[in-house]
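Following: one structure in structure tokens, then a few remarks.
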Amino acid sequence: MIVARTRAELETALARLPRPLGAVPTMGALHAGHLSLARCARAENASVALTIFVNPTQFLPHEDFERYPRPLAQDLALAEEVGVDLVFAPPVEEVYPPGFATTVSVAGPSQRWEGVCRPGHFTGVATVVTRLLNLLRPERAYFGEKDYQQLQVVRRLVSDLALPVEIVGCPTVRDPDGLALSSRNVYLSPEERQQALALSRALFTAAERVAVGERDARALEALMHQHVTAAGLEVDYLAVVDPVSLEPVSEIRHPARALGAVRVGTVRLIDNVALVPPPP
Ligand code: AMP
């Protein structure tokens, strides 16, 4: 496995990798969710490149950029174990050199939910994803459904700018009790982790209700709200939305998505599930 820290090292490494190339952009602190993306990329491509970059522009000033976990040695060992060929782990100035002055801003699917709670976040994401895709020039890039809104923003971005890459979405990996894996779960105390389970449980309850015929999106949102507030979680949003536009739906006649963001103590967690109505 090659580790590149600079754009020059990256270019040299890329020239030696057989194509097609699958790219897996991450912020590191790798867990089984990230590794599932790398395995998926491994199965579908001749080479796999994983990027590790804690992107400062997608954090708001009060957020956890400084304390975000950065266990690089452990990440490199995990990447190697799952057959990654190249890790690109650049310092900030390789991604944003002096004079960097461009941002990529996606409207549409960015505008609600995380876009409201974390203003500017998706512009940071879209800018860094565009830059990383242009540096790596992969045939395919892998993103998790865990960050469902981000996946739709990236799909919109790639389509609108005609970037020559196929975006592959991969299912959310969860702990056996249902908690979606996240690098931020390390911030949770044992008690908070227990409380946090209410989010995935609320989402799964909504999915079960839809599967047996519930169509009323507002009723489902109220139900999810009850679940998570009963567990002592603060709700940022719990919403039933169109799976592509992310606009709210009122009646579930087609597959939809339930999205949630909650706070437990100082930790903010997001999760989502597919809502699939029964056949007519
Ligand atoms: P991050 O390091 O949090 O920026 O995540 C990097 C990529 O891994 C993103 O595409 C995420 O959606 C994906 N990812 C994070 N957690 C999970 C998970 N539990 N299951 C699947 N993919 C995930």
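In each ligand, atom 1 is the first atom listed, and ligand 1 is the first ligand listed. Keep in mind the model is a prediction, meaning the values are calculated, not measured.
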query = Taking distance alone, with no angle check, do Val173 and ligand 1 share an N/O pair under 3.5 Å?
reply = yes
message = Looking at Arg263 and Glu192, is there a salt bridge between them, counting it only when a charged N and a carboxylate O are closer than 4.0 Å?
response = no
key: Interfacing atoms of ligand 1 (cut-off 4.0 Å, heavy-atom, Met27)   = 1 (P), 2 (O), 4 (O)
query = Any N or O on Thr26 sitting closer than 3.5 Å to an N or O of ligand 1?
reply = no
ask   = Is the number of heavy atoms from other residues, nucleotides or ligands within 6.0 Å of CZ (Arg156) greater than 12?
value = no
key: Pro25-ligand 1 polar pair, N/O distance under 3.5 Å   = no
request  = Ignoring angles and geometry beyond distance, decide whether Lys146 reaches within less than 3.5 Å of ligand 1 through its nitrogen or oxygen atoms.
outcome  = no
task = Pull out every atom of ligand 1 sitting under 4.0 Å from any heavy atom of Phe143, numbered as shown with elements.
result = 10 (O)
ask   = Are Phe143 and Leu246 connected, step by step, through hydrophobic side chains (Ile, Leu, Val, Met, Phe, Trp, Tyr) whose heavy atoms are closer than 4.5 Å?
value = no
Passing option when Leu10 is tested against Leu135, Thr51, Ile2 for side-chain contact (heavy atoms from CB on, under 4.5 Å) = Leu135
task = Just let me know how Pro171 lines up against ligand 1, side chain, backbone, both or neither, with a heavy-atom cut-off below 4.0 Å.
result = backbone
request  = Please confirm whether Arg67 makes a cation-pi placement over Tyr187, using NZ or CZ under 6.0 Å from the six-membered ring centre and within 45° of the ring normal.
outcome  = yes
query = For ligand 1, is His31 a contact, meaning one of its heavy atoms is under 4.0 Å away?
reply = yes
message = Does Arg70 qualify as a cation-pi partner of Phe65, given the criterion of NZ or CZ under 6.0 Å from the six-membered ring centre and within 45 degrees of its axis?
response = yes
request  = Give the residue and atom name of whichever protein heavy atom lies nearest to atom 1 (P) of ligand 1, and the separation in Å to one decimal.
outcome  = His34 NE2, 3.7 Å
ask   = Does CZ in Arg155 sit with more than 12 non-hydrogen atoms of other residues, nucleotides or ligands closer than 6.0 Å?
value = yes
inquiry  = Tell me whether Leu132 shares a hydrophobic cluster with Val92, the cluster being built from Ile, Leu, Val, Met, Phe, Trp, Tyr side chains joined at under 4.5 Å.
reply    = yes
request  = May I ask which of Arg174, Gln58, Gln150 has a heavy atom nearer to atom 9 (C) of ligand 1 than the others do?
outcome  = Gln150
task = Look only at interatomic distance and state if Leu181 has a nitrogen or oxygen under 3.5 Å from any nitrogen or oxygen of ligand 1.
result = yes
Winner among Val125, Ile52, Asp147 once heavy atoms are compared against atom 12 (O) of ligand 1 = Asp147
remark   = Heavy-atom nearest pair, Leu188 first then Ala196, reads CD1-CB, 4.3 Å
inquiry  = Suppose I only count heavy atoms of Leu37 and a 4.0 Å limit; which atoms of ligand 1 are within that range?
reply    = 7 (C), 8 (O), 10 (O), 13 (C)
ask   = For Gly144 and ligand 1, does the shortest N/O to N/O distance drop below 3.5 Å?
value = yes
